[in-house]
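Quick caveat: nothing in here was measured; it's all calculated off a predicted structure. Chain naming here is simple, since letters A, B, ... match the order of the sequence lines and numbering starts at 1 in each.
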There are 2 protein chains.
Amino acid sequence: MITLESFVRGAWQRGNGKPRPLQDPTQETDIALCDSTGLDFAGAVAWARATGGANLRRVGFAERGRWLKALSAAIHAQRDALIAVSAQNGGSTRGDAKFDLDGATGTLAAYAKLAESLGDENFLPDGDGVQLGRTARFWGQHVRVPRPGVAVHVNAFNFPAWGMCEKLACSVLAGVPAISKPGTPTALVAYRVAQVVTQSNALPEGAFQFVCGSLGDTLDWLGPQDTLAFTGSAKTGAMLKGHARLVGANTRVTLEADSLNCAILAPDVGDDADTWSAFVNHLVTDLTQKTGQKCTAVRRILVPRDRVEAVVETLVDRLSRIAIGDPADEATKMGPLASGAQFEDVTKGMKALATVARTACGGPVKLKDRGFFVAPTLFVANDVEADVLHSLEVFGPCASVLCYDGSAAEAVRLANRGGGGLVASVYANDKRWTDDVVLGIAPWHGRIWVCSDKVADQAYAPGMVLPQSIHGGPGRAGGGEELGGLRGLDLYLQRVALQGDQGHIGRRFGRSNPDAAV
Amino acid sequence: MITLESFVRGAWQRGNGKPRPLQDPTQETDIALCDSTGLDFAGAVAWARATGGANLRRVGFAERGRWLKALSAAIHAQRDALIAVSAQNGGSTRGDAKFDLDGATGTLAAYAKLAESLGDENFLPDGDGVQLGRTARFWGQHVRVPRPGVAVHVNAFNFPAWGMCEKLACSVLAGVPAISKPGTPTALVAYRVAQVVTQSNALPEGAFQFVCGSLGDTLDWLGPQDTLAFTGSAKTGAMLKGHARLVGANTRVTLEADSLNCAILAPDVGDDADTWSAFVNHLVTDLTQKTGQKCTAVRRILVPRDRVEAVVETLVDRLSRIAIGDPADEATKMGPLASGAQFEDVTKGMKALATVARTACGGPVKLKDRGFFVAPTLFVANDVEADVLHSLEVFGPCASVLCYDGSAAEAVRLANRGGGGLVASVYANDKRWTDDVVLGIAPWHGRIWVCSDKVADQAYAPGMVLPQSIHGGPGRAGGGEELGGLRGLDLYLQRVALQGDQGHIGRRFGRSNPDAAV
């Protein structure tokens, strides 16, 4: 059985503690061991700052973008091998594995593309300059510059490739080295990707380190120029955010946590509308893709009261035809949950939802003797006001239908009961109704996906995270932001106001400098 | 003696605990009592959200800007009365009081002016739209919308008017109601300003509340849409930022804390340069204005080794001629420290600096039998590496000269030893040297003020905070951001990615909508 190693200070290293086994969730067999005990975490932080940071910032944004392009190509070249690992360690179907891997390479490539317009300087102008004095000679210009610290990336198990690479794309392009920690249950996939990263030599020495296992005392070594970017549960997120060292040093912390994403069907969408088809297709995708283990998957489905029966009937029919089984089998549309712990959590969560809802299909049952399989599960709320519907994220192929009166106000009220979400989707053709919903739910969401007949044919399901749009959300969702094009770099940049002679400060640091244009 | 009241839920109210006396720092006599014990803080939070928020967001940005303009005018109309209170409660000279009050009204007016271009919508486009699908029909547009929460503003004692109004300008314009808490030692000034705010009726009901004394259990009632903006010590700041409720709910917290601001003299600036005159004038201003009680005042003066003697001689000469005395006396250039506690802190700090530096003038001595007077104090470091020089902010008329070798690299290294600052100033005419320093210190500062012969005649001293430039800094300075034109609103807005039909989402929410243009 393989023992996963960590890549620290330029070398692959093994922990000296009691290793934790990783499983094949289809076979329930141990396939790898993972441990990082005893590694030199203080040394990793110092190495990142001194060696990685210096190497990254020896060049400007455009050159770092070329490195990302090379990294994207290197990972893409190993696509088939990585798909096989993803099936084995993540229980991912071929489609699920591609979703993760192509998301990773696609995001790296998107940031490489963005970098082409950033020039060779190591600062980015932030907006236009502004007159400060009684004449325009005394001038102000904001710029953003790379922070000379380290980015600690704590990723979730559900996207071992994409999660690591979307964070890496932003920090590397910003000029900040990363220490990346995968979610342990699927660390074998992340480990294989990390090997490609190091073997490709696409990134300079020190820009990338990989801790497979616990982060040990890493956080105790962070300071004012460092950043912790976490994806995972709200509970763990709060523990990290409140860490005394991070609070005391004003280390930047961003969280992407729980989210009770909702899809809202408007009353004007008839059964023959393209928007209706998209609504149904997207829900089936979000419920079953990655076996529902997506932070952006729909958990609450808001349906006008008189349409509930039609929606439930259609979804139950579609979900019942999903082929569940070995992810390596091409006919399989949905694999197992990623781990035994996941299975425990999901079935426990389903039981909690079942106390306030009717089970239309599926339920908290182990489908096969071997493997963490559950069926796509649709609940229909008996009481749409029950807290558990709006606060418990069951991280599996599971969602609840909640009826409402069809008014924008009621849709807004129920959507916002989620306490802050990553994404909400609105299926509607009535623009006025849509605008009321959009502006009503906007403060509580990081992304709103408006599906109408005009875009139903070419739009992705709302669970799809695109590098052009920010990913994150307020409140329960963590209060953080990632991606969103260049906005994703801000986490790793310091914004500073420059004041002085327009002929110098304005020309050198403003948008008119062709090497610094944004 | 007057008992200060709080303005909560639309009424002026008195606490029911043991009041704390406020002093006239010139006479050392009690002049007011302050207490907020027993007020309904949960009710204040609820009132702000329900009544204040709704009233603010009933209109759009442009109309809220007009309210700020009216508020600025109302405060300005009481200028002379407020200057007198500022002398009595803050020990402020007429010039110091104007600096605070005109800063307040000027910032309100600047945001009123900015609002004119924002239109009547209740969202702001965030950047340009972007194609998301295979055609431009599937489109992305980021917008920022007001958060339906409350802003809790915790201000410092040194700028009772400006501190309250600069925070209020941003939250009100953003559409978020405020609960404002002044620094207790100068709460009489803030109380008088707050009375003007409420009597003017410039703001709608619920938009402004004022807690004179402790905030009680206010923080325990905050949630995901609320914001805490704090100005004060790093120690208190860390306590607030780590507050379990704020961490758990992902309440936004921004801190503006300690800062060892530095001024850097370049080796190329001769005694006959305009930049030299500005350097000396600005240092005298920063040391003596507000008796050195400015978070942006210069604390470390970096001087090329062969210029130290000239700098010290000039500064000692200028500082020795500062008239110290009763701030109500027109001849007075510098008044007392604002309180007895300030006097204790400052003299204790001076003693700590004196262990690693020579005292060129001033020192930890009470100048008069009555009143918290100290002399402008200049230290010359014996050992520029001593930690205390870079970590202890002595919040009074006090700074230290540190010699360096004249190289940009050494200036950068010493400046960044401050661990994160609000502002650094660079006095230089050599552009290349300047650029090296600017890019070297940029990650550790929120603002960099570059003074050269081109702008020496019209620029403000670096301690001046302008609404057009961000105010804040990384690390020790708190890691926060305020002001910076529209950037200052972001603390109170939620950014959300909209995705959908360009013909709808792009037109309605993009920059082409004339009512939403930014």
Contacts with chain A made by residues 434-443 of chain B (heavy-atom distance under 4.5 Å), listed by residue number: B/T434, B/D435, B/V438, B/L439, B/A442, B/P443
Neighbours of chain A found in residues 468-483 of chain B - heavy atoms under 4.5 Å: B/Q468, B/S469, B/I470, B/P474, B/G475, B/G478, B/G479, B/E481
Please state whether the side chain, the backbone, both or neither of [X] comes within less than 4.5 Å of a heavy atom of chain B.
| X | value |
| --- | --- |
| A/L498 | both |
| A/D126 | both |
| A/R508 | side chain |
| A/D457 | both |
| A/L493 | neither |
| A/F123 | side chain |

Under a 4.5 Å heavy-atom cutoff, which of [options] has the most pairs with chain A?
| options | result |
| --- | --- |
| B/L255, B/T135, B/D453, B/L246 | B/T135 |
| B/H445, B/Q225, B/H243, B/M239 | B/Q225 |
| B/G149, B/G503, B/P148, B/G420 | B/P148 |

Looking at [options], which one has more heavy-atom pairs under 4.5 Å with chain B than the rest?
| options | result |
| --- | --- |
| A/N122, A/I505, A/V130, A/L132 | A/L132 |
| A/G446, A/G237, A/G133 | A/G446 |
| A/K241, A/Q502, A/Q458 | A/Q458 |
| A/R137, A/R147, A/K235 | A/R137 |

More than 12 heavy atoms from other groups under 6.0 Å of CZ on B/R432: no
Neighbour count above 12 (heavy atom, 6.0 Å) for A/R507 CZ: no
Portion of B/F509 that has a non-hydrogen atom of chain A nearer than 4.5 angstrom: side chain
Portion of B/P462 that has a non-hydrogen atom of chain A nearer than 4.5 angstrom: neither
Rounded to the nearest 0.5 Å, how far does [atom2] of [Y] lie from [atom1] of [X]?
| X | Y | atom1 | atom2 | result |
| --- | --- | --- | --- | --- |
| A/L466 | B/F138 | CG | CZ | 6.5 Å |
| B/Q141 | A/I448 | CD | CD1 | 12.5 Å |
| B/K431 | A/H504 | NZ | NE2 | 6.0 Å |

So, do [X] and [Y] sit near enough that their side-chain heavy atoms are less than 4.5 Å apart?
| X | Y | value |
| --- | --- | --- |
| B/Q494 | A/W444 | no |
| A/Q499 | B/V455 | no |
| B/H142 | A/R487 | yes |

Contact summary for A/V247 and B/G242, nearest pair of heavy atoms: CG1-N, 4.0 Å
